[in-house]
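Remarks on the structure that follows.
Given the structure is predicted, the values throughout are model-derived calculations rather than measurements. Below, all heavy atoms of this structure are taken into account, side chains as well, without hydrogens, waters or symmetry copies. So that the names make sense, note that chain A is the first sequence line, chain B the second, and so on, each numbered from 1.
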Amino acid sequence: MRIRKVAIVGAGTMGCSIAENIGEKGFAVFLVDRTDELVEDAKSRVELSLNKRLEKWGITEAEKRVTLSRIRFTSKLDDVATCDLVIEAVQEDPNVKKKVLSDLDKLCHPKAILASNTSTLSITELAAVTQRPERVIGLHFLSPVVRVEVVEIVRGLKSSEETVEAVKRFVRSLDKIGVEVHDSPGFVTTRLITPLLNQAMNTLMEGVASASDIDTAIRLGFGLPRGPLEMADRMGLDTVLTSMEGLFRDLGDFSFRPCPLLRKLVRAGHLGVKTGQGFFKYDEEGNLMKEEENLVYQGARR
Amino acid sequence: MKVFVLNCGSSSVKYQLFNMEDESVMAKGLVERIGSDDAILTHTPTGRSSARKVSSILDHTTAIGQVLEMLVHPEHGVIADISEIRAVGHRVLHGGPTFTQSVLINGEVKQAIRDCIPLGPLHNPANLMGILAAESNIPGVPQVAVFDTAFHQTMPKHAFLYPLPYVLYERHKVRRYGFHGTSHRYIARRAAEVLNRPSKGLRIISCHLGNGASIAAVKDGKCMDTSMGLTPLEGLMMGTRSGDIDPAVVFYVMKHENLTIGEMDSLLNKHSGLLGVSGISGDMREIEAAVNSGNERAKIAFDIYEYRIRKYIGAYAVALDGVDAIVFTAGIGENSPFLRQRVCEGLGFLGVAIDPEKNDSKGKEVDITGEGSKVRVLIIPTNEELVIARDTLEIVSATNSAN
């Protein structure tokens, strides 16, 4: 089957940037959330993101308008009925995701593929709440979606070859590289990056080096665009904590046991870029504040 | 004999149907937004009113199918039966080092066009889709590929090679290819006709100034050098493309603005040129209007544009060891008397003079050479589709008579 019309359910950070990326590549997109207010928020978020890219010369004014014109922002879940692929990007809570998938299963036409953008949950388990487990698959986009070239294509135990092939073609048409993974907690990306983030936090907590120096060492030492602490701040420390807890529970490996410093920051409401502070401080645009200000910030927190 | 000429983009198909008895255009048109439920087909039979149809067209095969239906349509059609189309000519962007002229399409040619995708990542895949789509709609009808790069394949090695490690040329075919070849070829041939001189010994500088812009130095009817390079980004300043810059600007800007390769590519191709400098538009008409109303940024954008054309003309006059004719063509070249005047005013040392009255012309073939000029200056509207139709006819006739 050929995927042409795509719906994204859940217009949070991930949902919005997935919609932006798919719309940009020429697909008709529905971006759905529960209330008109959330939908309005989503629209301004996508616009803001496109404006930022326009400012950085990444796209043109015309390309921005075309992308926006391809995305229908809506609070009516019924609109997904005509779509070939529906990607849920609601919060990372198994019960919430199961409820959404079960609703979508009833609404969507029987040939439609249902995908979950989960980063840690079992696709097999999610698929079980639908009448079409062979047409349920994991499609794990990484943030920021327009810049990251890889997508994890997660096979559930019952995902059919046809479904996998259709989704692989779809991922290629987004100019991304699909990596096929079997259903296992954290797949490849989350499972491998989480211990690094956790160890960076432990290293900081033990006073081995400052946050800036830890990030600089890893960033320059291993050719990463960002250090692990900034990476965690950008993912959202609450999100990082949730996935660490999930992986620790499912895999039982101590390298996933959340660093106490992470818990402390989350309790304090310092969730990273989205609240302006986490391991570092950020301005309203999400840029890292100047080094001097960050030194003062870190000194005060100690 | 009817020849169908196609220019396929990733989501569009432009077409013209030629009657080669008298080289007249019977119909032309455009399919836009292929891949969507509201694709638009605009069809104009010559001398009659246009027809417009909005429908779901998901791929090039359907698009070309609908165009063919239109060609035989009882009301808007121009031929009685599809079988009247005896050949199809395709515009193909990049022929790499393989194609020095137009060719009859077969399996090998298709593979070679596919092999050139890394060199023309935006256009070659679409051109290939068009070929396959035409094939499936009218199987058995011979198809010809006409390459934008082919005319420039006569450039000497010292003109097409970059001063880079030689291994890059061997390994990745990094060299100057040049584009707008079909247009420059038409201009060179037509200029010889207008001047009533044989191509042999004639030195022509052909200025194709459209949305994209390039200059070619032509001697004996053969291209000696051209301003576009591995990609259409090199050379003249264009509507939204930078043209020549210090390559180190790329790393400098990427570092200081924290840009990805994709963003830098878009900056150079879509945010530079007239648009980037003026901040107003990439369209020369709007730039000229702004210059006339005293806008400083538009004025400097225009000055850079004009200055760089003159620099290239000077360089190519040297490359050709003199110049017999300078020709202006394409959107800006055909329609901007102001630009032509400014360019030619600055070429006094070459002995160029134009007649201001004759220069006051748009879109017509005119000899604008001024009194006492040592160099002829011409405006020749380009016609790439006609070249494609002629090549197609020639190749198909030769193949038919050989069988």
Under 4.5 Å from any heavy atom of chain A, what part of B:Leu275 do you find: side chain, backbone, both or neither?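 No part of B:Leu275 comes within 4.5 Å of chain A.
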
Within a 6.0 Å radius of atom CD1 on B:Ile261, are there more than 12 heavy atoms belonging to other residues, nucleotides or ligands? no

Counterpart residues, ring-ring contact (aromatic ring centres under 6.0 Å, His included), relative to A:Phe170 (two or more places apart):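 A:Phe27.
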
Under the salt bridge (charged side-chain N to carboxylate O under 4.0 Å, His left out) test, residues paired with A:Glu47 that sit two or more places apart: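 A:Glu47: no salt bridge (charged side-chain N to carboxylate O under 4.0 Å, His left out) contacts found.
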
Contacts of type side-chain contact (heavy atoms from CB on, under 4.5 Å), residue B:Val250, not counting sequence neighbours: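 Only B:Ile245, B:Met254, B:Met264, B:Leu268 meet the side-chain contact (heavy atoms from CB on, under 4.5 Å) criterion with B:Val250.
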
Considering distance alone, list the donor-acceptor pairs between chain A and chain B shorter than 3.5 Å.
{"unit_1": "A:Arg4", "atom_1": "NH1", "unit_2": "B:Asp37", "atom_2": "OD1", "d": "3.4"}
{"unit_1": "A:Lys56", "atom_1": "NZ", "unit_2": "B:Glu257", "atom_2": "O", "d": "2.7"}
{"unit_1": "A:Lys56", "atom_1": "NZ", "unit_2": "B:Glu257", "atom_2": "OE1", "d": "3.0"}
{"unit_1": "A:Trp57", "atom_1": "O", "unit_2": "B:Ser266", "atom_2": "OG", "d": "2.5"}
{"unit_1": "A:Trp57", "atom_1": "O", "unit_2": "B:His271", "atom_2": "NE2", "d": "3.2"}
{"unit_1": "A:Gly58", "atom_1": "O", "unit_2": "B:Ser266", "atom_2": "OG", "d": "3.2"}
{"unit_1": "A:Ile59", "atom_1": "O", "unit_2": "B:His271", "atom_2": "NE2", "d": "2.7"}
{"unit_1": "A:Glu63", "atom_1": "OE2", "unit_2": "B:Lys270", "atom_2": "NZ", "d": "2.6"}
{"unit_1": "A:Arg147", "atom_1": "NH2", "unit_2": "B:Glu263", "atom_2": "OE1", "d": "3.1"}
{"unit_1": "A:Arg147", "atom_1": "NH2", "unit_2": "B:Glu263", "atom_2": "OE2", "d": "3.1"}

